[in-house]
Each structure stands twice: as structure tokens, then as C-alpha cells.
Amino acid sequence: MSSDVMNFLSPERLWRRADVLSRPSPVPAVPGAYGWWFDRLPARIDISGCRQVDGLTLLYTGISPKEPPRNGRPASRGQLRQRIATHYAGNAEGSTLRKTLGCLLAEELGIQLRRVGSGSRRTFVNGEHQLSQWMAEHAYVSFIAHERPWELERRLIEELDLPLNLDGNSRNAFHSVLTRIRKEAVATANALPVAPNPGTGGG
């Protein structure tokens with residue numbers, strides 16, 4: 001296991017939603033990778049191969065910014081602080097993690113993916129607030145600064161069991177289940193009328 005991966009798996013601290021959204025934020029505005037740890041699983045997932053620390057299980061990793069385009073377009077100027085805040089307080093359209101969690105928790109939380117606005121965007125509408133509350137209670141985040149986080153992300157997905165990651169992770173045992181659940185949620189949303197757009201899950 002590479003040293004970068006070992007550093008990622010040995011965070012000095014895991015941060016809660018209230019910590020991340022406080023001011024000043026403890027999350028640096030720099031490029032890097034982040035991991036999401038949970039004290040409660042959002043679905044029936046085999047976590048025997050997952051990294052676990054103090055009763056928390058690592059289920060997902062992400063980065064900011066993405067790898068620069070190879071077509072000459074400008075590179076993303078994303079950074080950890082903004083991206084992690086979006087996961088904790090945004091909506092499903094802007095956060096793959098929120099979309100995944102909401103689809104898995106839809107029945108438990110009584111929420112549903114819907115088309116909003118012009119109809120091309122999908123969120124959990126007012127259910128984003130319930131999702132934010134669930135994350136406040138059960139989701140923790142760690143992060144590590146890295147100048148080329150897309151390279152680290154590839155190693156993390158190759159070397160770790162990360163059930164909630166989809167891109168580049170088709171070998172994972174939960175991949176087909178998660179893909180099906182998300183597709184079914186999107187298909188249902190597409191069949192329903194467009195709902196009013198209440199915004200984000202920042203409450």
C-alpha cells in the first residue's frame with residue numbers, strides 16, 4: 001500500500017457536519033482528497049473488507065478538483081473546503097454522495113428523487129433537509145491535501161473497498177446493486193411531474 005494511501009487512512013481527526021460548516025471552517029481551501037466515514041450504514045452492505053476506525057466505516061472517497069481536461073479547456077479551480085461543504089449542505093444534483101445516500105435511504109427517510117426547475121436537474125426537494133440531518137448524525141469526513149488528487153483517487157479505488165464509489169469501481173461487490181437503485185430512482189423521477197425547486201439542504 002502506497003504512503004499516500006496510508007496517510008489517507010490515518011486521519012488525525014474525523015469531522016462532523018457542524019464542524020465543516022462552522023466559521024472559520026477547519027477544511028483548507030486547497031486541492032485534495034476526502035473520505036466519508038459512517039457510524040451507521042445507509043443500506044445492507046458487506047463491510048468486511050472496508051477500513052474501520054473507532055466504530056466508523058469508510059464507504060466513499062472523492063476529490064477536488066477533478067483531473068484537468070485533456071482537450072485544452074481550463075482546469076477546475078475546485079478545492080476541499082467548498083466541495084465538502086456541498087456534500088454536507090448542497091443537494092443531489094451537485095453531490096454524487098448525496099444522491100447515492102438519498103436513493104439508499106429514500107424509504108427510511110420518506111424522501112424521493114424528483115425533477116426540479118427546468119426538469120433537467122434532480123434533487124430530493126424538501127427531503128434534502130432530512131438527508132442533511134441524517135448526515136449530521138451519521139456521516140464524518142476526513143481529508144488530505146494533495147496537488148494531484150485524481151492520481152491519489154485512482155490508487156484509493158484500486159486498493160480499498162469503497163462500496164459507495166461508482167466511477168472506476170465496477171469490481172466492487174456493491175456496484176451493481178447501487179447502480180440499479182440509482183437508475184430506478186432516476187426513472188421514477190423522470191416519470192413524475194417537475195416539482196418546485198426549494199434549493200439546497202443547508203438547513
Side-chain angles (χ1 to χ4, degrees), residues 1-17 19-20 25-43 45-68 75-76 78-90 92-105 131-132 134-136 138-179 181-182:
M1 191 172 289
S2 66
S3 59
D4 279 349
V5 174
M6 290 299 296
N7 289 337
F8 181 87
L9 291 176
S10 304
E12 294 182 2
R13 177 175 172 178
L14 299 176
W15 302 86
R16 305 192 72 160
R17 185 177 190 268
D19 301 319
V20 168
S25 173
V27 185
V30 300
Y34 49 84
W36 287 90
W37 308 70
F38 297 84
D39 66 9
R40 180 178 171 187
L41 300 182
I45 303 171
D46 179 4
I47 59 171
S48 58
C50 296
R51 178 74 169 186
Q52 299 182 54
V53 174
D54 297 331
L56 302 175
T57 305
L58 177 66
L59 297 180
Y60 181 84
T61 187
I63 61 171
S64 189
K66 295 182 178 180
E67 184 173 6
S76 167
Q79 34 84 358
L80 287 172
R81 181 182 300 165
Q82 179 183 19
R83 190 63 189 145
I84 292 174
T86 296
H87 285 312
Y88 262 137
E93 182 66 27
S95 165
T96 297
L97 176 63
R98 288 182 72 92
K99 183 176 180 180
T100 286
L101 291 174
C103 289
L104 295 176
L105 293 163
L131 182 55
S132 289
W134 189 93
M135 293 180 73
H138 303 295
Y140 300 70
V141 68
S142 63
F143 46 84
I144 181 173
H146 199 285
E147 285 299 315
R148 299 172 65 84
W150 51 91
E151 295 179 353
L152 174 57
E153 184 181 44
R154 282 194 285 268
R155 290 196 292 274
L156 293 171
I157 290 176
E158 287 173 359
E159 299 182 27
L160 304 178
D161 187 348
L162 297 163
L164 300 190
N165 278 86
L166 287 174
D167 289 348
N169 200 30
S170 59
R171 64 176 176 79
N172 192 278
F174 194 62
H175 187 275
S176 60
V177 176
L178 180 55
T179 298
I181 291 172
R182 284 175 45 122

Side chain to side chain, [X] and [Y], heavy atoms closer than 4.5 Å:
X    : Y    : answer
T61  : L152 : no
M135 : L101 : yes
L131 : L105 : yes
C50  : P163 : yes
E67  : R154 : yes
Y88  : S132 : no
V20  : R17  : no
L59  : I47  : yes

To the nearest 0.5 Å, what is the distance between [atom1] on [X] and [atom2] on [Y]?
X    : Y    : atom1 : atom2 : result
L178 : C103 : CG    : SG    : 8.0 Å
Y60  : L166 : OH    : CG    : 8.0 Å
Y140 : L58  : OH    : CG    : 14.5 Å
N165 : I157 : CG    : CD1   : 4.5 Å
L14  : F143 : CG    : CZ    : 10.0 Å
E159 : L9   : CD    : CG    : 9.0 Å

* Donor-acceptor under 3.5 Å (Q82 side chain, A85 main chain) ->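 Not confirmed, Q82 side chain does not pair with A85 backbone.
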
* Indicate yes or no for a side-chain donor-acceptor contact from R16 to the backbone of A136 under 3.5 Å, with no hydrogens or angles considered. =>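 Checked: pair present.
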
* Please assess W15 against I84 for the test side chain to side chain contact (heavy atoms under 4.5 Å, CB included), listing each intermediate value before the final yes or no. => CA-CA 11 Å; W15 302 86; I84 292 174; over 6 Å; no

Between [X] and [Y], which heavy-atom pair has the shortest distance, and what is it?
X    : Y    : answer
N169 : L162 : ND2-O, 2.8 Å
R51  : V53  : NE-CG2, 4.1 Å
R83  : G94  : NH1-O, 2.8 Å

* Side chains of N172 and D161: is there a donor and an acceptor less than 3.5 Å apart? ->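 Judged by distance alone, the side chains do pair up.
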
* Do T86 and R98 have side-chain N/O donor and acceptor atoms under 3.5 Å apart? ->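 Their side chains do not contain a donor-acceptor pair, so the 3.5 Å distance test is not met.
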
Hey, can you pull the donor-acceptor pairs under 3.5 Å for the side chains in residues 27-41, sequence neighbours left out?
residue: Y34; atom: OH; partner: H87; partner atom: NE2; Å: 2.7
residue: W37; atom: NE1; partner: S142; partner atom: OG; Å: 2.9
residue: D39; atom: OD1; partner: H138; partner atom: ND1; Å: 2.9
residue: R40; atom: NH1; partner: E108; partner atom: OE2; Å: 3.4
residue: R40; atom: NH2; partner: E108; partner atom: OE1; Å: 3.4
residue: R40; atom: NH2; partner: E108; partner atom: OE2; Å: 2.6

Show which side-chain atoms of residues 1-8 pair as donor or acceptor with protein atoms under 3.5 Å away, not counting sequence neighbours.
residue: S2; atom: OG; partner: V5; partner atom: N; Å: 3.4
residue: D4; atom: OD2; partner: H146; partner atom: NE2; Å: 3.1
residue: D4; atom: OD2; partner: R155; partner atom: NH2; Å: 2.8
residue: N7; atom: ND2; partner: S3; partner atom: O; Å: 3.3

